[in-house]
Amino acid sequence: MPKNGRLKGGRPSRNFDPRYARKTSFRDRHAGGRPIRDDDRRTDAGERRSASSDGRADRRPGSISPKHRGYRPPDAGGAAPKRRWSDSERAGRDEARAIRNRAESGRREAPHRRGDRDERGHGRRFEERPERRFDERPRRDGGFGRDGRGRDDRSDRSHRSRDERGTRGGYDRRDERPRRDDRPRRDDRPGFERGHRSARPVRHDRFDAANRAESVRAREEHVDIVHERLEAEAVRASDVADVSFSDLGLGSNIVEALKNMGAETPFPIQAATIPSILQGRDVLGRGRTGSGKTIAFGAPLVESILQSQRGGRREFGRRPRALILAPTRELALQIDRTVQPIARSVGLFTTQIYGGVPQARQVGALKKGVDIVIGTPGRIEDLIEQRKLDLSDVRIAVLDEADHMAELGFAEPVQRILRRTGTGLSGGTTSQKLLFSATLDREVAAIVDEFLVDPAVYEVAGEDQDSSSIEHRVLVIEHRDKAEVLGSLVDREGRTLVFTRTRAYAEMLTEQFEDAGIPAVALHGDLNQAKRTRNLHKLTSGKVRVLVATDVAARGIHVDDIDLVVQADAPDEYKTYLHRAGRTGRAGHAGRVVTLITRHRRRRMEDLLARAQIHAPFDVAEPGDDVIEEIAGRMPTDAELTA
DNA sequence: AAAAAAT
């Protein structure tokens, strides 16, 4: 049954393939797979329980859905439904918080009760993840690598389970690995692996087939993969030292607009991509975080759209001719802030199309006619479906953070959207595609193979991590010290961005900091869009100096002068590390990244850093240690003293 | 686990 009545009764929808209905259902996305319950609605609607507590953190494991063991109906025990907190409850809350914080962070890391596992004697640790099976992966030979290497690219140095690493000593090159097919399959392997699996939440037997397949894939998403590198033409900064934006082919209005934005001369990635984009080529661009990628595609996109309409009039209700897709609403907004002034300088209009806000304004803008649409996939598909957005005239489509947009869950909507672009262009041509990311690699292969024609691939020479202005540190702490260490890390003058793995923990840490007298705000997908915007603005405007965010803020978001990034939870993927770290050290400023881990995660962290090609000292620390003072900037580091 | 559309 379609989740959306509109689909059932309404117009035909090629856009919504029923096979994906489950994955894209409202329920799955907004209630973690559970049916909506009364208390969900309350927290969604209200946010009334104080700014810092909007209730999501109170969910307990076990109350997943009626199908699951341990499910507690909302009115279990005849208790009255949740209501507003009384004063006495609120008073008790503060006291309870400290305790709960600690307990909760303990639960988080071992949500399935480590004791269970130990009793079974499997000795498997929760840090180990099942690995991808070869035969489950799409095989993609050939592709677009210039050297024509057609090997299976997706497993290069993938994170492997401990038993294998133990025997081989660290990850190694793909070439040294035995063929996967020669080894026993996961299900046939002895107890180790199976023990691990059975120690996972007990629900397997109750899942229907679709759910099970999805959970397998979801776990595989946790595997950190180094994809094969894209062969790219490297541009040297020295090669483009005295090239100007007009030399690259941009018109004077646009050059002027760029100048007003502070972009006097092109950065290397811009010098590389702009001419090719103006030539109409498909382009892949890789440039370090903060290296000016938005202008690298935004400026030539505007120029190109302008040229394509030369002589023509801008009619009312014209269809958009360019589309820029981003993975988060904040990023879409930010791209618009860069592209809009460029577009306006030549009389073109942009509009943002993203979810979480009323459609009316967006639809109104589309009706009047816009030239460039900037947005996120969900709402764009929604409006296409409603016939309020027509992409058939789009002649340039951009994927920002393209590797992320090519990940599971994003790729399908993105592909459906791209298929809608440029279908109305004359001469049988299709839309030009531009893919950009700081970590662009062959993860985008599926998109490239379907949509790009002989793409030009660019990167900037010498952009390794050693040349970066970011200092990386790892603190090895005891789990019980985590809250305290975090508290003292963020109690500082500069702007600090704290990353957590989950929304609930982001919310909890925000509360913890607030309770400790450190003004802090949260940014994550459980907040409504107004609040997300407001909280981010509180950081950019300087109202607060601490932002606690999930990976919604990991990519693309630019905030000036974040000088410390704290990873309260270590990332699972090296790319995530790079993007999170890239929120600091922007435009050559100094920045510092500190990652908190516990002892047993040390090895895994070393592996991840190696994949990211980052060197970082590990320090064992406990509350009060000088190293924490140094990282927070309250005390000079050795390096700073000798400098 | 997070993100991305609203019923």
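Contact annotation: A:R379 reaches the phosphate of B:dA6 (side-chain N/O to OP1 or OP2, under 4.0 Å). Taking only side-chain nitrogens and oxygens, A:R555 never comes nearer than 4.0 Å to OP1 or OP2 of B:dA3. Considering only side-chain N and O atoms, A:R532 lies under 4.0 angstrom from the phosphate OP1 or OP2 of B:dA4. Contact check, A:T328 against B:dA4: no side-chain N or O comes under 4.0 Å of OP1 or OP2. Distances shown here put a side-chain N or O of A:R329 below 4.0 Å from the OP1 or OP2 atom of B:dA4. The side chain of A:T550 contributes no N or O atom lying less than 4.0 Å from OP1 or OP2 of B:dA1.
Between A:N528 atom CG and B:dA5 atom P the separation is 14 Å, expressed in whole Å. Atom-to-atom, CG of A:L523 to C1' of B:dA3 comes out at 12 Å; the value is rounded to the nearest Å. The separation between A:L383 atom CG and B:dA6 atom P is 9 Å, rounded to whole Å. In this structure, CD of A:E507 is placed 17 Å from P of B:dA1, rounded to the nearest angstrom. Distance A:L331 CG to B:dA3 P: 14 Å, rounded to the nearest Å. Atom pair A:L408:CG and B:dA3:C1' shows a separation of 12 Å (rounding to whole Å applied). The interatomic distance linking A:R416 (CZ) with B:dA5 (P) rounds to 13 Å, in whole Å. Between A:K388 atom NZ and B:dA6 atom C1' the separation is 12 Å, expressed in whole Å.
From A:K433, atom NZ reaches atom CZ of A:F451 across 6.5 Å, with rounding to the nearest 0.5 Å.
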Can you give me every donor-acceptor pair (side chain of residues 546-554 of chain A, partner residue at least two apart or in another chain, under 3.5 Å) with its distance?
residue: A:T550; atom: OG1; partner: A:V552; partner atom: N; Å: 3.3
residue: A:D551; atom: OD1; partner: A:R580; partner atom: NE; Å: 2.6
residue: A:D551; atom: OD1; partner: A:R580; partner atom: NH2; Å: 3.2

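Under a 3.5 Å cut-off, the side chain of A:R602 and the backbone N or O of A:T598 do not form any donor-acceptor pair.
Just one of A:R337, A:Q334, A:R586 meets the side-chain hydrogen bond (donor to acceptor under 3.5 Å, both in side chains) condition when paired with A:H558; it is A:R586.
Ion pairing of A:E450 with A:R419 is present here, as a side-chain N (NZ or NE/NH1/NH2) and a carboxylate O approach within less than 4.0 Å.
Ranking B:dA5, B:dA1, B:dA3 by closeness to the A:D382 side chain, first place goes to B:dA5.
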